[in-house]
Each structure stands twice: as structure tokens, then as C-alpha cells.
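Notes to accompany the following structure.
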Amino acid sequence: MEATVSALPGPVRHFAFEVPSGYYAYSGFNGARLAQDATAFAAAEASVVYVGDFVYGRDCKVALRRNLDGLNMWMNTQAPNFGKAVEVAETVPVRPPNIFVCTP
């Protein structure tokens, strides 16, 4: 999965990804460390889950904010015909990902 946004402050942007069911974790290799402990997010088969809003702060860390009510308000105005219920993704604590090297 990949999403790119401007480095300049701006409005909140929402992204949707279609992914296989499983667990997904934010990695510090994305360019900034997560402000809280490492967490994996469950994406259940045939469901729509909301991981949260990743907010890059002045401390050069990414904070995860989860505001399902705010997302639902946004969806009611921006995607009123979406038609599926959105659930908050289940979380599981994980160890932070380690660096690895791929060589031939």
C-alpha cells in the first residue's frame, strides 16, 4: 500500500485500499516513527475497516487518531452512496518491524 501527500500542512485526506484479509502494521521505515507502541490492524475478509488518521506532528513522529464519528460525517458528505458499514479495525500489539537487507 502506498499513499503520498504534500509535506505542507493542509486538509485531512482519506485513502481507501483494497487489500487481502490479514494484519497490517505501520512501519518506521515509512519515514517517521509512530508516537505510540507498534500495532497491527486487522483487515477482515469482506469488510470495510477504519484504521485511523495518521497525523505527522512537529515532533517528527506520527500519531494515530481514531475518530469513527468524524469519518462517518466525512463519508456522509463525500461518499453518501458508499453502502457498506465501516468498522474500527481491531488492533493487536506487535514488536516494531526490524530492518532487513535483500541481496542476490
Side-chain angles (χ1 to χ4, degrees):
M1 296 181 293
E2 183 176 326
T4 304
V5 296
S6 171
L8 300 174
V12 172
R13 296 186 178 119
H14 295 277
F15 296 90
F17 301 95
E18 186 173 345
V19 298
S21 61
Y23 288 88
Y24 295 85
Y26 179 90
S27 169
F29 301 114
N30 291 334
R33 294 224 174 266
L34 199 57
Q36 57 263 36
D37 291 337
T39 303
F41 306 95
E45 189 169 336
S47 66
V48 178
V49 296
Y50 167 64
V51 171
D53 301 325
F54 292 91
V55 180
Y56 185 71
R58 294 187 189 277
D59 61 356
C60 300
K61 293 183 180 176
V62 173
L64 175 63
R65 298 182 186 154
R66 302 178 93 187
N67 180 358
L68 185 60
D69 291 338
L71 175 69
N72 284 329
M73 285 185 357
W74 179 86
M75 287 188 67
N76 286 337
T77 61
Q78 301 299 313
N81 299 319
F82 185 69
K84 283 194 107 177
V86 178
E87 303 169 18
V88 175
E90 177 186 331
T91 62
V92 177
V94 295
R95 289 188 331 208
N98 291 323
I99 193 164
F100 61 91
V101 178
C102 293
T103 62

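The basis for the numbers below is simple: all heavy atoms, side chains too, and nothing from hydrogens, waters or symmetry mates. This is a predicted model, so every value here is computed, not measured.
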If hydrophobic clusters are built by linking Ile, Leu, Val, Met, Phe, Trp and Tyr wherever their side-chain heavy atoms come under 4.5 Å apart, do [X] and [Y] end up in the same one?
| X | Y | answer |
| --- | --- | --- |
| Leu71 | Val51 | no |
| Val19 | Phe15 | yes |
| Tyr23 | Val88 | no |

(request) May I ask you to check whether over 12 heavy atoms, not counting those of Gln78, lie within 6.0 Å of atom CD? (result)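 Above 12, so yes.
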(request) Report the C-alpha separation of Asn72 and Leu68 in whole Å, then their side-chain angles, then the decisive distance to 0.1 Å, and conclude whether the side chain to side chain contact (heavy atoms under 4.5 Å, CB included) test is met. (result) CA-CA 6 Å; Asn72 284 329; Leu68 185 60; 3.7 Å; yes
How close do [X] and [Y] get, heavy atom to heavy atom, and via which atoms?
| X | Y | value |
| --- | --- | --- |
| Thr91 | Arg66 | CG2-NH1, 3.2 Å |
| Val62 | Tyr26 | CG2-OH, 3.4 Å |
| Pro20 | Ala43 | O-CB, 4.4 Å |
| Ala44 | Ser21 | C-CB, 4.0 Å |

(message) Determine whether Leu64 and Thr39 satisfy the following criterion, side chain to side chain contact (heavy atoms under 4.5 Å, CB included), listing intermediate values before the conclusion.
(response) CA-CA 10 Å; Leu64 175 63; Thr39 303; 5.8 Å; no
(request) Would you please test Phe82 and Val48 for side chain to side chain contact (heavy atoms under 4.5 Å, CB included) and show each step? (result) CA-CA 11 Å; Phe82 185 69; Val48 178; 4.0 Å; yes
(request) Check the angle between the aromatic planes of Phe54 and Phe41 and answer parallel, tilted or perpendicular using the 30° and 60° thresholds. (result) perpendicular
